[in-house]
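Below is one structure, written out as structure tokens, with a few remarks after it.
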Amino acid sequence: MGGNHTQNKFILLGITDSPYAQTPLFVLFLLIYIVTLVGNVGIITLVRVSPSLHTPMYFFLTHFAFTDICYSTVISPRMLADLLSEDRTISFSGCMMQFLTFAFFSTIECHLLAMMAYDRHVAICQPLLYVTIISSHICWQLIATSYLFAFLSAIIYTWCTFGGSFCGPNRIDHFFCDEVPVLKLMCSDTHSSEMLIFAFITINVVGTSMIILLSYISILCTVLRMCSAQSRARAFRTCASHLMAVASFFGTKFFMYLQPPSSHRSRDKAASIIYTIITPMLNPFIYSLRNKEVKGALVKCRSRLFNPWQPKKVLSSSTCQLRKPMVH
């Protein structure tokens with residue numbers, strides 16, 4: 001996959017060259033990374049131990065939290081080490097593997113957000129058919145398909161980005177190995193590679209965002225036809241957290257990858273920080289602070305933790321099935 005290259009290492013220029021800013025940035029991003037890990041592991045654990053959250057929506061959310069952990073771990077530890085080190089070199093294979101895993105988990109997040117939007121669409125617009133349409137079997141099929149397509153897409157992205165010749169400068173003006181700054185170092189013609197990458201990004205990013213858009217147009221039409229103001233408010237609350245996650249993730253994705261290469265400037269680093277570091281930290285708060293079911297599950301888990309001798313209620317088998325639409 002590496003192509004005919006002469007470079008055996010790259011140098012990551014990082015976020016800043018200022019020695020005075022590196023230590024404060026290290027502390028800040030370390031705290032963000034710790035919060036990201038704790039928050040997302042907490043979401044996964046809470047869903048696993050709470051039968052009331054054994055629904056398709058939270059099934060997708062556990063995969064989303066797992067992806068956020070992996071997504072952030074691909075970037076943050078290396079970036080934190082570079083902030084305290086003068087040696088910011090990364091091997092060619094290391095750079096390629098970082099980009100491959102980054103592209104893989106990034107693509108999965110696009111598909112998961114689309115699945116969660118479709119789940120809301122079925123739960124609100126076709127509640128009587130929800131059990132049939134969003135069954136446990138269908139959920140696993142959707143997850144497996146997204147992982148497979150994301151892996152194939154990541155292979156193509158990586159081959160297009162690292163498959164040419166690197167015989168010139170080896171300084172990557174970024175804090176991780178991303179497509180745009182790496183392609184700038186390629187000696188061979190990059191036009192065909194850029195077009196192929198653009199095509200697959202369009203399929204993944206634009207395709208999934210269109211699914212989200214159409215789902216929410218249908219949801220909006222259904223909600224506006226509801227007679228009860230309380231039902232409309234509940235439906236909007238159900239969608240609010242997901243819309244916040246979609247806006248933060250896809251907004252920066254469109255800015256970064258669906259603009260001409262000549263338009264990329266230094267502000268790309270700021271956009272990259274948002275979707276690689278900030279967004280994975282915020283997602284657990286977005287899905288918990290505005291979510292009554294998660295809050296209720298947290299209260300029950302806390303009471304069980306501090307009152308272990310309290311008798312537990314017997315749950316029916318239907319409660320634990322992965323077949324209940326999410327209603328906040």
Side-chain angles (χ1 to χ4, degrees), residues 1-18 21-22 25 29 71 74-83 85-107 110 153-206 249-277:
M1 187 186 293
N4 297 320
H5 62 87
T6 58
Q7 298 288 355
N8 57 9
K9 64 180 181 180
F10 293 109
I11 299 174
L12 293 168
L13 298 185
I15 297 175
T16 179
D17 293 328
S18 173
Q22 289 176 0
L25 286 175
F29 290 128
Y71 189 58
V74 169
I75 306 298
S76 294
R78 173 76 205 199
M79 182 197 66
L80 291 170
D82 288 342
L83 283 171
S85 174
E86 295 182 0
D87 182 15
R88 298 180 180 179
T89 59
I90 183 172
S91 66
F92 185 92
S93 58
C95 189
M96 188 168 60
M97 287 304 300
Q98 185 188 50
F99 177 78
L100 174 68
T101 50
F102 162 74
F104 173 64
F105 289 113
S106 176
T107 305
C110 294
S153 298
I155 292 290
I156 293 172
Y157 294 148
T158 307
W159 179 79
C160 291
T161 304
F162 293 88
S165 299
F166 294 87
C167 53
N170 66 341
R171 299 166 68 86
I172 299 176
D173 189 16
H174 212 11
F175 58 90
F176 72 100
C177 296
D178 200 6
E179 166 221 335
V180 175
V182 171
L183 283 177
K184 289 180 180 179
L185 305 181
M186 194 180 291
C187 300
S188 53
D189 181 45
T190 62
H191 179 72
S192 58
S193 296
E194 289 173 356
M195 291 299 100
L196 187 57
I197 291 172
F198 183 84
F200 268 82
I201 288 178
T202 301
I203 293 172
N204 284 306
V205 178
V206 178
F249 184 79
F250 278 98
T252 50
K253 284 288 184 183
F254 278 115
F255 175 80
M256 280 294 299
Y257 298 110
L258 294 180
Q259 60 174 319
S262 58
S263 302
H264 288 277
R265 297 291 185 270
S266 58
R267 63 177 178 270
D268 288 359
K269 290 185 183 180
S272 297
I273 289 172
I274 292 174
Y275 74 81
T276 60
I277 299 172

Which atom names give the shortest non-hydrogen contact between [X] and [Y], and what distance separates them?
| X | Y | value |
| --- | --- | --- |
| F99 | E179 | CE1-N, 3.5 Å |
| R88 | D17 | NH1-OD1, 4.4 Å |
| L83 | Q22 | O-OE1, 3.2 Å |
| I172 | C177 | CD1-SG, 4.0 Å |
| Q98 | I90 | OE1-CD1, 4.4 Å |
| I277 | F29 | CG2-CD2, 3.9 Å |

Can you tell me how far [atom2] of [Y] sits from [atom1] of [X], rounded to the nearest 0.5 angstrom?
| X | Y | atom1 | atom2 | value |
| --- | --- | --- | --- | --- |
| H174 | F10 | NE2 | CZ | 14.0 Å |
| T161 | L185 | OG1 | CG | 11.5 Å |
| S192 | I197 | OG | CD1 | 9.5 Å |
| C95 | D178 | SG | CG | 9.5 Å |
| L12 | N170 | CG | CG | 10.0 Å |

Does the side chain of N204 reach to within under 4.5 Å of the side chain of S153, using non-hydrogen atoms?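 Contact flag for N204/S153 side chains = yes.
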Salt-bridged, K184 to D173, with N to O below 4.0 Å?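 The answer is no: the pair does not qualify as a salt bridge.
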Derivation of the side chain to side chain contact (heavy atoms under 4.5 Å, CB included) call for S272 and F175: CA-CA 9 Å; S272 297; F175 58 90; 3.8 Å; yes
D87 and T89 side chains, donor-acceptor separation under 3.5 Å: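 Yes.
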Run the side chain to side chain contact (heavy atoms under 4.5 Å, CB included) check on C160 and I156 step by step: do they pass? CA-CA 6 Å; C160 291; I156 293 172; 4.2 Å; yes
I need the single residue from F105, F176, F102 that forms a ring pair (Phe, Tyr, Trp, His ring centres under 6.0 Å) with Y71. Which is it?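 Of all the options given, the one that passes is F102.
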List the steps and the verdict of side chain to side chain contact (heavy atoms under 4.5 Å, CB included) for I201 and Y157. CA-CA 9 Å; I201 288 178; Y157 294 148; 3.7 Å; yes
Tell me whether the rings of F92 and F162 are parallel (<30°), tilted (30 to 60°) or perpendicular (>60°).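 Taking F162 first and then F92, their aromatic rings stand perpendicular (interplane angle over 60°).
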Is a side-chain N or O of S85 found less than 3.5 angstrom from the main chain of A81, in a donor-acceptor match?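 Pair absent, no side-chain N/O of S85 close to backbone of A81.
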Whether the side chain of K269 engages the backbone of G14 through a donor-acceptor N/O pair (distance < 3.5 Å, no angle test) should be reported.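 Judged by distance alone, yes, a pair lies under 3.5 Å.
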